[in-house]
Amino acid sequence: MSTWNIDPTHSEIQFKVKHLVISTVTGYFRSFNGTVESEGDSFEGAKITFEADIDSVDTNNEDRDTHLKSDDFFNAEAYPKMKFESTSFKNTGGDNYELTGNMTIRDVTKEITLDVTHGGTVEDPYGQTKAGFELNGSLNRKEFGLKWSAVTEAGSVVVGDEVKLLMNVQVVEAE
């Protein structure tokens with residue numbers, strides 16, 4: 001069994017959500033950690049865990065970030081972490097995988113599925129073995145208790161329900 005840890009300096013956790021239906025706001029979680037436990041050279045069947053600190057949400061706007069941390073959205077005070085634990089990691093051909101697991105936001109846990117591309121595994125100049133992955137998927141924020149909503153006078157929704165998840169993750173094999 002090999003254990004791999006997320007390398008936060010070479011990883012990013014990003015989300016995108018529609019604003020006023022006409023544009024997209026991009027945000028990040030700046031503080032996160034996770035592990036991958038796998039057997040052999042293949043990541044098939046790996047067990048993956050991940051958590052992000054809600055207080056680290058960053059949309060490049062302090063007022064919006066404060067609102068996201070409030071009870072209207074994440075309620076960082078009561079639920080400081082967003083968590084994911086895999087239930088399945090299946091190879092769907094070549095370097096492509098399907099990752100299914102339980103995502104917990106606030107006090108709601110739901111199953112989500114993400115598309116994953118394994119970018120490769122290499123040894124870096126310092127003798128560490130690293131693997132890269134790109135993950136994509138989406139979820140409905142309201143299903144996780146992030147229910148705040150508003151409508152403009154013209155009838156446009158201020159914040160969309162679908163949240164796109166985009167993650168580029170590099171993991172380092174533990175010694």
Side-chain angles (χ1 to χ4, degrees), residues 1-17 24-60 65 68-69 73-74 76 79-141 143-144 146 162-175:
M1 183 71 75
S2 296
T3 299
W4 305 72
N5 297 308
I6 288 181
D7 176 358
T9 60
H10 296 105
S11 301
E12 64 180 15
I13 309 304
Q14 185 182 81
F15 61 91
K16 294 181 176 286
V17 65
T24 300
V25 170
T26 300
Y28 298 87
F29 288 97
R30 301 294 185 187
S31 176
F32 51 85
N33 65 71
T35 60
V36 176
E37 293 178 359
S38 66
E39 292 195 32
D41 293 338
S42 169
F43 286 95
E44 177 88 23
K47 178 166 176 44
I48 300 162
T49 58
F50 167 83
E51 65 180 28
D53 295 319
I54 298 301
D55 268 337
S56 75
V57 70
D58 179 359
T59 64
N60 202 30
D65 296 345
L68 287 171
K69 295 174 193 178
F73 290 97
F74 289 108
Y79 310 105
K81 305 268 188 199
M82 174 176 65
K83 300 177 183 179
F84 176 85
E85 188 171 325
S86 69
T87 55
S88 171
F89 192 64
K90 297 186 293 195
N91 184 279
T92 58
D95 294 329
N96 298 310
Y97 291 82
E98 181 181 86
L99 172 61
T100 301
N102 294 313
M103 175 73 85
T104 301
I105 300 174
R106 293 179 61 111
D107 58 346
V108 178
T109 301
K110 295 226 177 253
E111 183 177 89
I112 67 167
T113 299
L114 303 170
D115 295 322
V116 180
T117 301
H118 176 217
T121 304
V122 299
E123 188 172 305
D124 74 7
Y126 307 102
Q128 295 179 311
T129 303
K130 296 187 172 185
F133 297 92
E134 186 174 288
L135 301 88
N136 295 286
S138 65
L139 57 83
N140 183 317
R141 68 181 178 88
E143 291 179 358
F144 289 90
L146 284 71
E162 180 189 31
V163 179
K164 292 181 182 177
L165 307 172
L166 305 137
M167 296 159 269
N168 288 296
V169 178
Q170 193 175 106
V171 293
V172 182
E173 189 172 19
E175 297 186 20

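The line from CD of Gln170 to NZ of Lys130 is 4.5 Å long, rounded to the nearest 0.5 Å. Here the NZ-OG distance, from Lys81 to Ser56, works out to 8.5 Å after rounding to the nearest 0.5 Å. Between the CG atom of Asn168 and the OG atom of Ser11 there is a distance of 8.0 Å, given to the nearest 0.5 Å. Separation of atoms CG (Leu114) and CD1 (Ile48) is listed at 9.0 Å; rounding is to 0.5 Å. Note: Thr113 OG1 to Met103 CE = 11.0 Å, rounded to the nearest 0.5 Å.
Judged by distance alone, with hydrogens and angles left aside, the side-chain atoms of Asp53 form no donor-acceptor pair with the main-chain N or O of Asp55 at under 3.5 Å. Using a distance-only test at 3.5 Å, with no hydrogens or angles considered, no donor-acceptor pair links the side chain of Glu173 to the main chain of Thr129. No side-chain donor-acceptor contact under 3.5 Å links Asp95 to the backbone of Gly119. Under the 3.5 Å distance criterion, the side-chain polar atoms of Thr117 are left unmatched by any main-chain donor or acceptor of Glu134. When atom types are taken as modelled, the side chain of Thr59 and the backbone of Gly27 share no donor-acceptor pair closer than 3.5 angstrom.
Inter-residue side-chain proximity for Met167 and Glu12 is flagged as unmet; no heavy-atom pair is nearer than 4.5 Å. Residues Ile54 and Tyr79 are not in side-chain contact: their nearest non-hydrogen atoms beyond the backbone lie 4.5 Å or more apart. Here the side chains of Ser38 and Phe89 are not in contact, with every heavy-atom distance at 4.5 Å or above. Two residues are said to be in side-chain contact when any heavy atoms from C-beta on lie closer than 4.5 Å; Glu85 and Lys47 meet this criterion. Counting heavy atoms from C-beta on, the side chains of Phe84 and Leu99 come closer than 4.5 Å. Inter-residue side-chain proximity for Asn102 and Thr87 is flagged as met; some heavy-atom pair is nearer than 4.5 Å.
Atom CG of Asp107 has more than 12 neighbouring heavy atoms from other residues, nucleotides or ligands inside a 6.0 Å radius.
Ring geometry for Phe43 versus Phe133: interplanar angle over 60°, hence perpendicular rather than tilted (30 to 60°).
Between Phe15 and the choices Leu166, Val57, Val25, the side-chain contact (heavy atoms from CB on, under 4.5 Å) rule is met once, by Val57.
Qualifying side chain to side chain donor-acceptor pair (under 3.5 Å) partners for Thr9, counting only residues two or more places apart in sequence or in other chains: Asp7.
When all heavy atoms are compared, the tightest approach of Lys83 to Glu51 is CE-OE1, 3.7 Å. Nearest approach of Gly132 to His118, heavy atoms of both residues: O-CD2, 3.3 Å. In this structure, Val169 and Leu135 approach most closely via the heavy-atom pair CG2-CD1, 4.0 Å. The shortest non-hydrogen separation linking Val36 to Ala46 is CG1-CB, 3.8 Å. For Arg106 against Phe74, the heavy-atom pair with the smallest separation is CG-O, 3.4 Å.
Thr26 and Lys16 form a side-chain donor-acceptor contact under 3.5 Å, judged by distance and modelled atom types alone. For the residue pair Thr92 / Glu98, no side-chain donor-acceptor distance below 3.5 Å is found, with atom types taken as modelled.
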Q) After noting the C-alpha distance and the side-chain angles of Thr49 and Thr35, does the key distance pass the side chain to side chain donor-acceptor pair (under 3.5 Å) rule? A) CA-CA 5 Å; Thr49 58; Thr35 60; 2.8 Å; yes

